[in-house]
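Below: the structure, in structure tokens.
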Amino acid sequence: SPNNDSNPWWVDYKTDISEAKRELRSDLRRATDLEDRIDAKEEYRREVADAKYDYRKEMAERGYRVGSFHENRRRYARR
């Protein structure tokens, strides 16, 4: 199955997302104004998009079709 911990590309994807979330939390803590917060969230979105792209590419190369999936965005929506 493409989405389980025996799949190294899925583990890489989850690691990338975890690192992006950690970095977002850190960037938001250090933000001094609205522009800093916006920049942090945009960087997070880019990192998530990149991780999804890499994962989908790896799965496509192996003959798997990956549907759409979303990270929990509500957690950071109001900060």
Side-chain angles (χ1 to χ4, degrees):
S1 173
N3 294 354
N4 66 42
D5 289 340
S6 67
N7 177 342
W9 299 279
W10 179 249
V11 174
D12 287 347
Y13 168 77
K14 289 184 354 180
T15 301
D16 290 345
I17 296 300
S18 178
E19 289 173 3
K21 286 179 181 179
R22 249 190 328 272
E23 189 173 322
L24 175 62
R25 283 191 297 269
S26 174
D27 290 348
L28 289 174
R29 273 194 305 272
R30 289 183 286 126
T32 57
D33 59 18
L34 179 60
E35 186 176 340
D36 288 345
R37 289 189 294 277
I38 290 170
D39 288 346
K41 290 176 185 179
E42 286 175 354
E43 181 181 352
Y44 172 75
R45 285 186 204 98
R46 282 191 304 270
E47 290 177 9
V48 168
D50 185 52
K52 286 181 180 183
Y53 172 82
D54 291 345
Y55 177 70
R56 282 190 175 109
K57 181 180 171 196
E58 291 293 342
M59 291 297 93
E61 288 175 3
R62 284 149 186 78
Y64 289 100
R65 204 168 114 197
V66 178
S68 64
F69 51 100
H70 303 282
E71 292 304 310
N72 182 2
R73 294 183 189 169
R74 290 183 296 155
R75 183 174 184 179
Y76 299 106
R78 294 192 178 132
R79 292 187 184 179

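The structure presented is a predicted model; accordingly, all values stated were derived computationally and were not measured.
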Nearest-0.5 Å distance that lies between atom NZ in Lys52 and atom CG in Asp54: 12.5 Å
Walk me through whether Glu23 and Ser26 qualify under side-chain contact (heavy atoms from CB on, under 4.5 Å). CA-CA 5 Å; Glu23 189 173 322; Ser26 174; 5.6 Å; no
Quick one: do Met59 and Asn7 satisfy side-chain contact (heavy atoms from CB on, under 4.5 Å)? Show the steps, please. CA-CA 10 Å; Met59 291 297 93; Asn7 177 342; 3.5 Å; yes
Non-hydrogen atoms of Val11 and Asp5 that approach each other most closely: CG2-O, 3.5 Å
In short, Ala40 meets Leu24 closest at the heavy-atom pair O-CD1, 3.6 Å
Over 12 non-hydrogen atoms of neighbours within 6.0 angstrom of CD in Glu35: no
Contacts of Glu58 that satisfy side chain to side chain donor-acceptor pair (under 3.5 Å) - sequence neighbours left out: Trp9, Arg62
Distance-only donor-acceptor check, side chains Ser18 and Arg22, under 3.5 Å: yes
For Asp39, side chain to side chain donor-acceptor pair (under 3.5 Å) partners two or more places apart: none
Within the structure provided, determine whether Tyr44 and Lys21 are in side-chain contact (heavy-atom separation under 4.5 Å). yes
Linking I/L/V/M/F/W/Y whenever their side-chain heavy atoms sit closer than 4.5 Å, directly or via other members, would Val66 and Tyr13 fall into one cluster? yes
Atom NZ of Lys14 and atom CH2 of Trp10: how far apart are they, to the nearest 0.5 Å? 7.0 Å
